[in-house]
Structures are given as structure tokens and as C-alpha cells.
Amino acid sequence: MPGTVEPRLLRGLRDLMPAEMHARQWIIDTVRRVYETYGYVPLGTPALEFLDILRGTAGEESEKQLFEVAGPEETRLGLRFDQTVALARVVAQYPDVPRPFRRYQVAPVWRCDNPYEKRGRFREFIQFDIDAVGVESEVADVEMITAMCDVMAAFGAAGPAGRPLPFRVRVSSRRVLNLLLPYADIAPERAPDVFRVLDKLDKLGAEKVRLELTTGYKDESGSPVPGLGFSGSQVDRIERFLAIRAPRRTDVLAQVADLFRDVPGAAAELEPLARMSAQLAALGYGDDVVVYDVSIARGLAYYTGTVFETELLELPEFGSVCSGGRYDDLVLRFLGERVPAVGTSVGVDRLLVALTELDRVPPAVRRKATAQVLVTTFDKSLMDEYVAMTYELRRAGINTELYLGTEKRVGKQIRYADQYDIPVVVVCGSDEKARGEVQLKDMSVGRRLTAEVKDREQWKAERPGQFNVPRTELVSAVQRLLRVIGGGST
RNA sequence: GCCGGUGUAGCUCAGUUGGAUAGAGCGCUUGACUGUGGAUCAAGAGGUCCCCGGUUCGACCCCGGGCGCCGGCACCA
């Protein structure tokens, strides 16, 4: 039809239909329960920020991914790409907020990069952050790591019984990475380039990392990857660093200490990591769930200390579902005062994709309805009665929908309940009304029988899962039925 | 940004070596059944064949350009 607007979405943006939204809310609820056990408090900030607030915090790459928005009166705005920058702004803007300020925030963020939905990468997605601002102690870093572990454990417990969710948090430190610079005689301004390449070790392998550090190479698509032009002895030292790897955290630290034994101040930088490891161990977070891995650098430019990311062992190629680190200088931009902070972020939508892929989202979570009961409107002259029944059920705490469509035939209304997976249907026509009864229909019975019943007459004769109860017992009978069938409420 | 693939009904896709009114399955609507979901049967609605230009008597098909989508790479908070 000419003149109509084609309904469409920008690449990487999605509509989430009710079942998908229920699943997302399940993720959020589960994470929030864990975060609140740690005592974090909620914060909300706008999706839009001034461009100069967003810019210059997270490095060149992030700026390329910024969604710019035209504001009124020539103001230049952007959609937030994370929640941490806004948190730093809030801390600077409200100096009377008592510190430590430990907040959680769950909200969409926007990044204009290439979406890849199979790996849970979108241009608009929900992140669920916790951050502790004004905290120097590495106990806060430990808290971040254990919170990540506890979140993963919660999803293991919520999934299919007896199947814990295997995961691993990999931890490193920018301060330890920085020791590599004097050790390998690398100028400080080259550090971001070097760290970016180190981070690729897992994905590219040692050979390509070596090439990228020296002469560069052409990748599979023929695009040139520029080399960083380091000398052979520099690359040798970088590779010796990258070779550090051990299942036990204490062994990793020992190897780092040995490698950097001649670097001034190295021992002092390693002490906090040693204390963290001991604490983690004392709390029951062993070498199997938290590993030290010096190749973790993370791209985000604002990290200054500990960095960590979480991977699901059953989806090794998927990437991190939860990551973060310490950023002691982010507030400095706004306040001129150094405020130490550490935080971590669950990629809610990414985690949902992963758990779906692993078939670990309980089916009941992905429901299409919130209603437990549909009251049909069979006979319009009885409408007052239908409304009354609906509110009786609602006031008893039962999620109830009154059929408000135009369809008169009760069969179509039942079909509507079927399409939305509403588990119980109330039918009351003039016959029932005259007898002082209502009819309850357990939808699951018909669904179960549908495979067996071949003949329509038989189907009609059986009227599966239906029974009548006195009108006065409507609420108690529905409650009983919902208990028996498990109700669809959460 | 690079490489490859692809674009036909709401969805999944067939098709025409360039020829007249463009097809299937699923889904949707209606009815058989005006008081009951499924199945069955019947009927119906639904298309600028991605866009622009070119070649041709004639283009959904061939050619050129563009755009979208999918996959891979790069990048990734």
C-alpha cells in the first residue's frame, strides 16, 4: 500500500516479545537478589549524556561506537555506552553522597558496532553493574569477584536440577601489566597498543600475536594488520611474560615475581594480588573458579588496577558474560580529585543468549502471559457478572485477565487463552448462571490430549479438563486448581 | 572497514536457459461446528519478485551501481 511507512528496526536493535521479556526479567531478578545480598543500592541515570561527558574516557574504540544524538539548541548528546561514566559524573556532581558509594544499576546501553546476535552482541543491550566508589581496599576487588561467582552459581541453581553452571573468572591487573613496560623496555605511551594485542592471545594464538608485535600480517580476509614494530628482544620478553600460566593462583604470582625480580617495585605490586588470592581461598573461591591470567587486559582504557572477566566453560568461544575492573582515575576528570573505584558488569542480554544456547532457562520463565486465569465473556448480558468474578480473583491475588476482545464465540476466546498460554479459563453462560455455577477449564489437559484425539466429535464429547464449581467457591476452586497444575505464577 | 553468500507472500523457500494472469508448505481469515482449543475438509485474503539505471519487441531473470540481510575477519566496554 503506498503511503504507509515500512515497519523496521535499525540493525542490532530488537523488539523483545513477552516471552523474551520474561526471560530477561528473570535474569535481572536473579542478579539483583545476589547484588542486594552484598548491600548495593540502586541508582538511575539518564540514557542521554552530554557528548563531552561521554568522550575521552574509554579510548578511541569506544568513541567510534558512540551513538550521537542531536539535542535541542545545538546541544551535542550521546547515548551512554556504559554505566560507569555516568556513575563517575554522579559522584562528582553530588559531593555530599556518603562514600563509599556502593550502587547497582541495570539499564540499556548503546554501542554502534557490528552486531552478532548468536554471540549475544547487540547495539542496544542491558548491563547490570555494581560499583564501589571511594574504596581503596582490595577487599572491594575480592567482593566484585565473589559477586560474579555468586551470580553464576545462582544461575546454576536456577537451571536444571543437579547441573551446576561451570564458569571461570579470570583475573589480572593493569599494575602488573605495567611492570612489563620497564621489563621489555616499552615506552609508556605504547602501553594501550601492547595490552590490546596481549588480550588477543587466546583468540589469535602466539604466532599472530608475535607478528602483530613486530611486522604485522594480512588476515584471512586480506586486510592488513599493522605491526607494532617491536624488536626481537622486546618481543622475546613479552612472550616470556605471556608464557606465564598455571592452574594455581599462587604459582602464577610466583612466576610473575620471578620474571620481574629485577624490576623496581615489582614485589609491592604483587602483594595485593597475593592477599586477594588468600582471601578468596579462605572464602571458598578456589583455583577452579578464580584463576590469575596475565593475558587479560580488557580493552577499556580507563582501568587502572585489577581487571577480570567471566567465561562459561561450556561455551568457550562465546566470550565474557560478566567483566569489570578497578578504575581509580575516572572521577578525576570531573572532580580533579582522585577517587578510587572498582566495579563489574553482567551483560544481561548476552548472558540470556548464552543460557538459552545451553538450554538452562527454565521453560516456565519464558512464559507468554502473566495472567493465570482468563474470564471469558460468553454472554454479553452477563458482563457485570464477568467483571465481578474478575475482580474477585484479582483481589485474591490471582493474576486475571477479562476477555476484552470483540469475539463473541467462546471457542475463539478459549483459543485466545491457548495462544497466550493462560493456564485456566473461566466459562459462565446462562446455563451455569441459572444453576449458580461457573465452569473451570484446565487448559493443560486439552493440550496433552490433542495428540491422541483424532475425531472432532470425540474431542467435543470429552471436553477435556473441565468441571463446574459453585459460583460462591470460584476463588478457592481456582486457587486449588492453580496449586495442582503449578499455576504459571512466579 | 575487508572477504564470501544472499534478497520472490507474515515465515521458510521453489521457479522462469529472457515470454502472457508468479507458486508451494506453514501461518492468517472464514465456514463445515451460531456453547468450547486440537485434527480434518473447503473457501479466502495476502506480492512495487530489494531499489535505481541500462540492454531488449519484452526483465523477477542479463549488465552496472546502490541498499539490506546472513556468515567469516577486524574491532569489542
Side-chain angles (χ1 to χ4, degrees), chain A residues 1-2 4 6-12 54 57-66 80-85 109-123 125 127 129 196-197 199-200 203-204 208 212 217-226 297-303 307 309 319-320 322-325 327 343-347 350 374 376 378-379 407-422 425-432 439 441-466:
Chain A
M1 192 186 286
T4 59
E6 188 197 350
R8 64 201 193 280
L9 285 174
L10 183 68
R11 181 174 156 75
L54 295 173
T57 58
E60 258 174 69
E61 276 310 318
S62 314
E63 299 214 355
K64 272 193 262 173
Q65 296 179 5
L66 201 57
R80 65 173 161 231
F81 54 83
D82 75 1
Q83 335 240 44
T84 313
V85 171
V109 301
W110 291 266
R111 290 174 202 174
C112 194
D113 60 1
N114 259 333
Y116 190 14
E117 307 202 356
K118 278 189 178 161
R119 289 192 194 166
R121 229 169 76 175
F122 310 99
R123 284 179 167 182
F125 57 100
Q127 286 201 317
D129 286 24
R196 185 174 46 78
V197 176
D199 214 35
K200 298 190 205 174
K203 226 165 105 179
L204 295 183
K208 284 184 179 170
E212 189 161 352
Y217 64 100
K218 279 199 192 298
D219 68 16
E220 290 83 346
S221 71
S223 328
V225 177
R298 306 213 50 73
L300 196 53
Y302 56 58
Y303 288 129
V307 287
E309 56 186 47
S320 172
C322 178
S323 51
Y327 50 97
T344 188
S345 174
V346 174
R350 171 165 259 253
L374 179 76
T376 55
F378 187 177
D379 179 342
E407 182 57 58
K408 289 185 186 63
R409 285 164 296 187
V410 74
K412 300 292 179 179
Q413 296 186 29
I414 288 169
R415 186 172 138 79
Y416 172 83
D418 190 39
Q419 288 172 321
Y420 272 100
D421 283 337
I422 299 172
V425 170
V426 173
V427 178
C428 181
S430 51
D431 297 355
E432 287 83 358
Q439 182 183 84
K441 191 174 174 69
D442 171 359
M443 294 294 286
S444 64
V445 176
R447 202 167 298 141
R448 220 169 27 245
L449 254 51
T450 186
E452 309 161 16
V453 179
K454 291 282 170 286
D455 177 67
R456 180 167 176 82
E457 291 310 312
Q458 182 195 354
W459 174 269
K460 280 182 72 172
E462 287 183 3
R463 292 201 173 160
Q466 297 183 189

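Comparing B:rC2 with B:rC11, their C1' atoms are spaced 32 Å from each other, to the whole Å. When the P atom is used for both B:rG7 and B:rC41, the distance is 32 Å, rounded to whole Å. Of the C1' atoms belonging to B:rA14 and B:rG25, the separation is 10 Å, rounded to the nearest Å. One P atom belongs to B:rA74, the other to B:rU8, and the distance between them is 30 Å to the nearest Å. Using P as the reference atom, B:rG44 and B:rA20 are 23 Å apart when rounded to the nearest Å. Here the separation of B:rA43 from B:rC60, taken at their C1' atoms, is 29 Å to the nearest Å. B:rC61 sits 42 Å from B:rC76 when the P atoms are compared, rounded to a whole Å. Rounded to the nearest Å, the gap between the P atom of B:rG15 and that of B:rG54 is 30 Å.
The minimum heavy-atom distance linking A:Y327 with A:Y302 is given by the pair CB-O, 3.4 Å.
Distances shorter than 4.0 Å separate none of the side-chain N or O atoms of A:R123 from OP1 or OP2 on B:rC76. Of the side-chain N and O atoms in A:R415, one or more sit less than 4.0 angstrom from OP1 or OP2 of B:rU29.
A:D129 comes within 4.0 angstrom of no nucleic acid atom, judged by non-hydrogen atoms across all strands. Within 4.0 Å (heavy atoms only), A:S430 reaches at least one base atom of the nucleic acid. Base contact: A:R111 has a heavy atom under 4.0 Å from a base atom. Among the heavy atoms of the strands lying under 4.0 Å from A:R11 are primed sugar atoms or P, OP1, OP2 only; no base atom is included. Residue-level contact check: A:E432 touches the bases, meaning some heavy atom is under 4.0 Å from a base atom. Among the heavy atoms of the strands, none lies under 4.0 Å from A:K408.
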Dump the intermediate steps for side-chain contact (heavy atoms from CB on, under 4.5 Å) on A:M443 and A:I422, then the final yes or no.
CA-CA 8 Å; A:M443 294 294 286; A:I422 299 172; over 6 Å; no
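One cannot find a donor-acceptor pair under 3.5 Å joining the base of B:rG35 and the side-chain atoms of A:Q413.
For A:Y416, the OH atom counts as densely surrounded, since its 6.0 Å shell holds more than 12 non-hydrogen atoms of other residues, nucleotides or ligands.
B:rA74 makes up no base pair with any nucleotide shown, lacking Watson-Crick or G-U wobble contacts both under 3.5 Å. Both distances falling under 3.5 Å, in either a Watson-Crick or a G-U wobble arrangement, place B:rG68 opposite B:rU6. With a 3.5 Å ceiling on both atom-pair distances, B:rG35 lacks any Watson-Crick or G-U wobble partner. Nucleotide B:rC60 forms a pair with no other nucleotide shown, judged by Watson-Crick or G-U wobble geometry with both contacts under 3.5 Å.
Heavy-atom distances to RNA chain B give each of A:G411 and A:E407 a nearest nucleotide, and the one nearer the 5′ end belongs to A:E407. Between A:F378 and A:Q127, the one whose closest nucleotide on RNA chain B sits nearer the 5' end is A:F378.
Between the side chain of A:Q127 and the backbone N or O of A:Q83, no donor-acceptor pair lies under 3.5 Å.
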